[in-house]
Amino acid sequence: MTEPAVTPLEPVTEQWQRALAVVAHPDDLEFGAAAAVARWTAQGKQVVYCLVTSGEAGIDGLAPEQARRVREQEQRASAALVGVDTVEFLGLPDGILEYGVPLRRALAEVVRRHRPEIVITNNFRDTWDGAYALNQADHIATGRATLDAARDAGNRWIFPEQLTDGVQRWNGVREVWAAGSPQATHGVDVTATFAQGVESLRAHSAYLTGLGDGGFDAEEFLEGFARPIGTRLGVRYGAAFEVFPLQLW
């Protein structure tokens with residue numbers, strides 16, 4: 001029986017210095033992209049994390065305000081393990097995010113303040129596998145709004161009330177990268193930083209303890225994704241991204 005052809009991935013560009021990662025929840029980046037972040041911070045690049053929510057609805061056994069404190073603390077510790085020292089929380093409500101102008105406005109302000117060249121978010125397609133594994137509503141809303149906000153930030157006539165106290169429009173975002181997309185066409189070798197990615201996921205211990213029967217294995221889970229991606233890149237472990245080049249109209 002003939003094995004199906006493996007579609008190669010094109011390497012993402014690494015000719016940049018500043019990136020902004022915007023995701024819905026603590027732990028979203030750690031399920032695959034954190035090892036890539038560790039690679040880039042080791043190269044001397046600056047990566048800032050922006051969490052739209054604090055994941056306060058994500059632990060069934062903890063009341064939201066207690067979960068908020070725990071998950072923010074875990075996210076900061078996780079980010080530090082991959083070289084990220086700036087972590088912002090927007091404090092929007094977990095589980096009920098909606099795509100629309102208010103979310104675009106909030107994210108455009110973050111883009112304008114941090115002035116990244118690359119914006120990273122999570123997969124915002126309907127599924128994780130292109131078929132049956134449904135994505136979560138917060139991921140979809142956040143990813144779509146992030147893509148639009150990256151363009152909004154460059155237009156002085158969109159959310160002009162933000163352009164005060166030295167904040168200026170920013171049209172320097174070159175690409176938005178969606179990690180873990182089933183339509184990924186690009187990737188990056190994370191072989192050297194895979195272990196850091198695993199430790200960054202393990203730092204979300206309170207959240208992981210609440211998954212299933214408590215037997216979640218972070219290394220096994222991440223390896224199950226990183227190895228096939230690595231094969232498509234011709235390396236041991238990889239992280240995949242769907243790349244959206246920006247055009248400002």
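Everything numeric here is computed off the predicted structure, so don't read it as measured data.
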* To do: Starting from the C-alpha separation in whole Å, work towards a yes-or-no answer on side chain to side chain contact (heavy atoms under 4.5 Å, CB included) for L90 and L107.
  => CA-CA 9 Å; L90 298 186; L107 296 180; 3.7 Å; yes
* If only atom types and distance count, is the side chain of T142 paired as donor or acceptor with the main-chain N or O of H139 below 3.5 Å? -> no
* Given the side-chain rings of F124 and F244, with only the six-membered ring counted for Trp, is the space between their centroids under 6.0 Å? -> yes
* Structure fact -> dist E98:CD -> I140:CD1 (nearest 0.5 Å) comes out at 13.5 Å
* **Closest non-hydrogen atom pair, W170 against V173** => NE1-N, 3.6 Å
* When hydrophobic residues are tied together by side-chain contacts of less than 4.5 Å, even through go-betweens, does L147 share a cluster with L92? -> yes
* Asked: Okay, side chain of N135, backbone of D126: is any donor-acceptor separation there less than 3.5 Å?
  -> no
* Are the side chain of T13 and the backbone of Q15 linked by a donor-acceptor contact shorter than 3.5 Å? -> yes
* Compare all side-chain heavy atoms of E161 with those of F159 and state whether any distance is below 4.5 angstrom. => yes
* Atom CZ in R232, atom CD in E10: separation rounded to 0.5 Å? -> 12.0 Å
* To do: For atom CG of D129, decide whether the heavy atoms of other residues, nucleotides or ligands shown that lie under 6.0 angstrom number more than 12.
  => yes
* **Electrostatic pair R202:E30 at N-O distance under 4.0 angstrom** => no
* To do: Report yes if some heavy atom in the side chain of R18 is under 4.5 Å from a heavy atom in the side chain of R115; otherwise report no.
  => yes
* Asked: Side chains of V235 and I229: closer than 4.5 Å at any heavy-atom pair?
  -> no
* Rounded to the nearest 0.5 Å, how far apart are CZ of R144 and CZ of R125? -> 10.5 Å
* Structure fact -> Closest heavy-atom pair, A24 versus L97, reported as atoms and distance to 0.1 Å, is CB-CD1, 4.1 Å
* Inter-residue atom distance D148.CG - R104.CZ, 0.5 Å rounding -> 5.0 Å
* To do: Return the minimal non-hydrogen interatomic distance between A218 and F216, and the atom names on each side.
  => CA-CE2, 3.6 Å
* **For T185 against V243, the heavy-atom pair lying closest together** => OG1-N, 4.5 Å
* Structure fact -> Partner of Y49 under side-chain contact (heavy atoms from CB on, under 4.5 Å), picked from V82, I120, D28, T86, is V82
* Same cluster for V84 and F89 if Ile/Leu/Val/Met/Phe/Trp/Tyr side chains link at under 4.5 Å? -> yes
* Joint cluster assignment, V190 & F225, ILVMFWY side-chain distance < 4.5 Å -> yes
* Would you confirm whether T127, through its side chain, and Y132, through its main-chain N or O, come within 3.5 Å as a donor-acceptor pair? => no
* Any side-chain heavy-atom pair from R113 and E88 closer than 4.5 angstrom? -> yes
* Should E109 and R112 count as an ion pair when the cut-off is N to O under 4.0 Å? -> no
* **Side-chain donor/acceptor of E242 to backbone N/O of N123, under 3.5 Å** => no
* Polar side-chain atom of S181 near backbone of F241 as donor-acceptor pair, under 3.5 Å -> no
* Asked: Does Q73 CD have over 12 foreign heavy atoms under 6.0 Å away?
  -> no
* Salt-bridged, R71 to E74, with N to O below 4.0 Å? -> no
* To do: Could you tell me whether a side-chain N or O of D94 sits under 3.5 Å from a main-chain N or O of E56, the two making a donor and an acceptor?
  => yes
* Counting only N and O atoms by type, is there a donor-acceptor contact under 3.5 Å from the side chain of S200 to the main-chain atoms of G197? -> yes
* Asked: If you measure from CD on E220 to CG on L222, what distance do you get to the nearest 0.5 Å?
  -> 10.5 Å
* Asked: So, do F221 and F31 have ring centers that fall under 6.0 Å from each other?
  -> yes
* Within a strict 4.5 Å, meaning less than it, do heavy atoms of the R39 and D189 side chains meet? -> yes
* To do: Over all heavy atoms of both residues, which pair between W16 and E117 is shortest? Give the atoms and the distance, please.
  => CA-OE1, 3.5 Å
* Counting N and O atoms only, with roles assigned by atom type, does the side chain of Q43 sit under 3.5 Å from a partner on the main chain of K45, one being a donor and the other an acceptor? -> no
* Structure fact -> Smallest heavy-atom separation, V37 atom then V47 atom, equals CG1-CG1, 4.1 Å
* Cluster overlap Y99 with V101, hydrophobic side-chain contacts below 4.5 Å -> no
* Atom pair OH (Y207) and CG (L201), whose distance is rounded to the nearest 0.5 Å -> 9.5 Å
* To do: Could you check H204 against Q75 for side chain to side chain contact (heavy atoms under 4.5 Å, CB included), going step by step and ending with a plain yes or no?
  => CA-CA 7 Å; H204 295 276; Q75 182 61 76; 3.5 Å; yes
* Asked: Does V48 share a hydrophobic cluster with V119, counting links as ILVMFWY side-chain heavy atoms below 4.5 Å and allowing steps through other members?
  -> yes
* Heavy-atom side-chain proximity of Q46 to H114 below 4.5 angstrom -> no
* Kindly indicate whether the side chain of I118, heavy atoms from C-beta on, has any atom under 4.5 Å from the side chain of V12. => no
* Heavy-atom donor-acceptor pair, T121 side chain to V22 backbone, under 3.5 Å -> yes
* Looking at side-chain heavy atoms only, is the closest gap between N155 and R151 below 4.5 Å? -> no
